[in-house]
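Accompanying notes for the structure given below.
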2 protein chains.
Amino acid sequence: MAKTRLQDVADVAGVSMKTVSNVVRGYEHVSEKTRLRVQQAIDDLAYRPNASGRSLATGRSGMLALVFSDVSIPYYSELAHLISELASDRGYRLLLEQTSGTLEGERAVVSAAEGGLVDGVIFQPSLLSSAEIAQHRGDVPFVLLGEGPAPLSVDHVMIDNIAAAAAATSHLARLGRRRIAFLGHELGSQTQTSKVRLIGYQNGLEQAGLPLDLSLLIASRSVNAGESAQAVREALDHGLEFDAIVCRDDLAAFGALRALQERGLRVPEDVAVTGWDDVAMAALVHPSLSSIRPDTRTLATWALDMLEERIDGYDGIGRHRVADFELVLRESAPAVS
Amino acid sequence: MAKTRLQDVADVAGVSMKTVSNVVRGYEHVSEKTRLRVQQAIDDLAYRPNASGRSLATGRSGMLALVFSDVSIPYYSELAHLISELASDRGYRLLLEQTSGTLEGERAVVSAAEGGLVDGVIFQPSLLSSAEIAQHRGDVPFVLLGEGPAPLSVDHVMIDNIAAAAAATSHLARLGRRRIAFLGHELGSQTQTSKVRLIGYQNGLEQAGLPLDLSLLIASRSVNAGESAQAVREALDHGLEFDAIVCRDDLAAFGALRALQERGLRVPEDVAVTGWDDVAMAALVHPSLSSIRPDTRTLATWALDMLEERIDGYDGIGRHRVADFELVLRESAPAVS
DNA sequence: CTGAAAGCGCTTACAG
DNA sequence: CTGAAAGCGCTTACAG
């Protein structure tokens with residue numbers, strides 16, 4: 001049997017399509033009697049409105065795209081969870097797009113081949129240049145997340161990465177640490193994320209009156225926990241001495257904890273460690289991880305606010321907003337006593 | 001300016017809409033000369049086909065829904081990553097739906113209010129009964145994941161949870177453990193997942209000739225790492241003695257590792273631990289976690305295969321397929337020496 | 001409060 | 001190989 005359409009319901013209920021449509025969309029000015037008869041027909045026929053038909057007629061799909069490199073990375077999966085819930089509260093569904101952190105993947109997002117699929121895009125770029133982002137896909141509302149380059153024309157939310165990295169570094173200095181390493185940036189060319197966090201680390205050292213020692217910058221062959229652990233092992237093998245590590249992100253920190261414990265070094269007694277993102281596991285590992293916690297709820301709320309404004313027609317220049325962060329202190333780098 | 005449509009391109013190129021459509025969709029029987037002229041017009045006008053128009057005309061959206069409780073749970077985020085990639089290879093995009101693990105959330109999935117939005121649904125239910133699932137949303141192709149109840153009418157892929165739990169338990173017994181606990185099932189009514197894993201645990205004990213001791217069943221107020229850690233702390237406080245733990249999932253295992261280390265118990269010397277899912281963190285914690293690794297790639301591939309067959313018109317009874325698993329041995333419960 | 005009709009932007013037999 | 005026309009299933013002014 002063919003799918004039931006609006007017209008079928010109208011026929012059965014003995015009204016026009018317009019009236020059925022009014023009932024379906026909950027329009028209020030329908031007489032109670034008519035509404036009941038129509039609802040009965042809808043139930044009898046198990047009618048389900050067709051989303052494509054509606055989208056085509058209204059010009060809206062009720063969907064937002066959420067784009068980042070890889071949803072299996074804890075920070076992104078937790079962000080996806082949050083944004084999915086908040087978007088759902090506003091009546092939007094979420095389309096998940098992964099770029100694999102490649103330039104081609106990110107370009108595909110920006111120059112999307114199809115229109116009308118989503119009403120807006122939330123995009124956390126890793127590699128793309130500001131100039132390329134500026135020519136984003138046609139006229140779809142766009143909002144950028146993260147510390148990457150944001151063209152002036154596009155809305156953007158972030159936290160102050162430099163201040164956050166400096167806060168972590170300063171905290172370790174206040175704990176009396178004098179040889180504070182930085183772990184987890186790329187071995188080759190740096191992502192914007194690594195760059196700004198390294199700058200903040202340097203600022204933190206300066207504020208504490210500590211010298212910058214380039215040998216304390218422990219790069220990772222790849223931005224993940226396994227390679228970060230390996231980088232720490234190799235640093236220890238080469239006799240590098242340090243009493244604290246500021247990690248680029250929690251994954252790097254988990255790698256560091258693992259490598260330090262393998263070598264019998266105590267955290268935080270021998271080496272204090274801070275992470276970044278405050279993913280759920282940070283509180284669960286042993287020792288638990290001190291970490292920079294970005295205010296992701298505010299981040300996500302602002303992103304959705306701005307996106308909805310654009311969807312509703314706002315066409316001004318890009319807004320750039322900075323959300324708060326907090327350094328959450330746990331066992332790996334406890335509060336100063 | 002209004003969005004450019006197929007007709008606009010046709011006008012500029014001086015051909016019919018049909019011809020433009022052929023070029024856009026890569027239909028081969030178009031003369032080279034015409035194709036070039038049309039492509040030029042497409043580029044000049046920055047034409048983007050409208051997805052809703054296409055969906056309405058073809059009856060397909062090119063989207064699949066992926067549904068489970070919460071994408072921030074590592075197993076699900078890793079599964080979403082994998083399925084997203086595999087679906088993308090087949091030309092599908094992924095719509096993410098979270099149920100929050102609530103009955104209402106799962107019911108909403110099954111009785112979806114809209115049609116035509118997705119071509120198929122991949123759904124891992126937690127709570128819904130088989131009978132309710134059987135009346136799934138209209139005529140949308142459906143495939144079920146996991147050890148939940150699957151009605152005969154619906155396609156379903158899973159691993160043999162009973163065998164897997166028995167394998168973990170047997171392994172601990174072969175390590176010489178005699179008081180093997182089970183951790184992480186619900187305090188109240190059990191999910192199907194917990195039920196089958198508990199049965200497998202019991203089978204494993206039997207195979208090893210060990211008695212079932214109900215006091216060794218350590219339930220958790222909530223299925224997550226934090227509550228599992230708390231449950232272990234309380235068990236230790238009450239003087240419960242055990243030398244191994246089979247955990248319901250990796251999160252419970254991470255909780256167990258944390259609680260045991262807090263109390264100065266050595267893993268695996270004092271207590272050996274196995275997890276379930278083999279999420280990325282399992283290899284990164286210290287000590288690293290032995291874990292049941294379901295063959296998720298096969299699971300996902302089969303799910304997509306069956307879904308595509310249904311999308312292509314297959315209308316037979318449900319297929320039920322069982323993928324492999326493997327017990328990955330790491331430090332927390334190493335190979336028998 | 002309700003109806004008849006046009007239109008959203010595509011694809012697809014059907015002709016030629 | 002290409003064109004003219006109908007149709008996919010909705011919504012929305014416009015009338016009444």
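Throughout, a chain's letter reflects where its sequence line sits, starting with A, and its residues are numbered from 1.
At least one side-chain nitrogen or oxygen of A:Thr34 sits closer than 4.0 Å to the OP1 or OP2 atom of C:dT2. One finds no side-chain N or O of B:Arg5 lying less than 4.0 angstrom from the OP1 or OP2 phosphate oxygen of C:dC10. Taking only side-chain nitrogens and oxygens, B:Thr58 never comes nearer than 4.0 Å to OP1 or OP2 of C:dT12. Regarding contacts with the backbone of D:dG9, every side-chain N or O of A:Ser52 stays at 4.0 angstrom or more from both OP1 and OP2. Of the side-chain N and O atoms in A:Ser21, one or more sit less than 4.0 angstrom from OP1 or OP2 of D:dT11. In this model, the phosphate group of D:dC8 is not approached by any side-chain N or O of B:Arg54 to a distance below 4.0 Å at OP1 or OP2.
Regarding A:Lys33, its NZ atom lies at a distance of 13 Å from the C1' atom of C:dC1, rounded to whole Å. B:Lys18 places its NZ atom 12 Å from the C1' atom of D:dA4, with the value rounded to the nearest Å. One atom, CG of A:Leu117, and another, P of C:dG9, lie 16 Å apart when rounded to the nearest Å. In this structure, B:Ile42 atom CD1 and C:dC10 atom P are separated by 10 Å, rounded to whole Å. For the pair A:Arg60 CZ and D:dC10 C1', the interatomic distance rounds to 16 Å; values are reported in whole Å. In this structure, CD of B:Glu32 is placed 16 Å from C1' of D:dT2, rounded to the nearest angstrom. Atom CG in A:Asn50 sits roughly 17 Å away from atom P in C:dG9 (whole-Å rounding). Rounded to an integer number of Å, the gap from A:Met17 CE to D:dT12 P is 12 Å.
Candidate nucleotides D:dT12, C:dG9, C:dG3 were compared by shortest atom distance to the side chain of A:Arg25, and D:dT12 ranks first. Here the side chain of A:Thr19 is nearest to one of C:dC8, C:dT2, D:dC8, namely C:dT2. Which of C:dC10, D:dG3, C:dC1 sits closest to the side chain of B:Pro49 comes down to C:dC10. Closest to the side chain of B:Leu56, from the set D:dG9, C:dC1, D:dG3, is D:dG9.
In summary, B:Asp312 and B:Arg60 engage in a salt bridge, as defined by a charged side-chain N under 4.0 Å from a carboxylate O. The pair A:Asp305-A:Arg90 counts as a salt bridge, with a side-chain nitrogen and a carboxylate oxygen less than 4.0 angstrom apart.
Among the duplex regions that DNA chain D forms, those built from at least three successive Watson-Crick or G-U pairs under 3.5 Å are C:1-3 with D:14-16, C:5-12 with D:5-12, C:14-16 with D:1-3, ordered by first number.
Rounded to whole Å, the C1' atom of C:dT12 lies 16 Å from the corresponding atom of C:dG16.
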| Would B:Glu147 and B:Thr193 count as a side chain to side chain donor-acceptor pair (under 3.5 Å) if you check the C-alpha gap in whole Å, the side-chain angles of each, and the deciding distance to 0.1 Å? | CA-CA 6 Å; B:Glu147 45 287 340; B:Thr193 300; 2.7 Å; yes
| query | Between A:Thr34 and A:Ser31, does a side chain to side chain donor-acceptor pair (under 3.5 Å) hold up when you go through it step by step? | reply | CA-CA 5 Å; A:Thr34 309; A:Ser31 74; 2.6 Å; yes
| message | Checking B:Thr301 against B:Arg297 for the side chain to side chain donor-acceptor pair (under 3.5 Å) test, could you report, in this order, the C-alpha distance in whole Å, the side-chain angles of both residues, the deciding distance, and whether it holds? | response | CA-CA 6 Å; B:Thr301 300; B:Arg297 180 166 288 271; 5.7 Å; no
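Nearer the 5' end of DNA chain D, as judged by each residue's closest nucleotide, is the contact made by B:Ser16, out of B:Ser16 and B:Ala57.
The two residues A:Val20 and A:Leu6 make their nearest non-hydrogen contact at CG1-CD1, 3.2 Å.
Side-chain contact of B:Gln98 with A:Ser84: a donor-acceptor pair under 3.5 Å is present, judged by distance alone.
Relative orientation of the A:Tyr76 and A:Phe68 rings is parallel, given thresholds of 30° and 60° on the angle between their planes.
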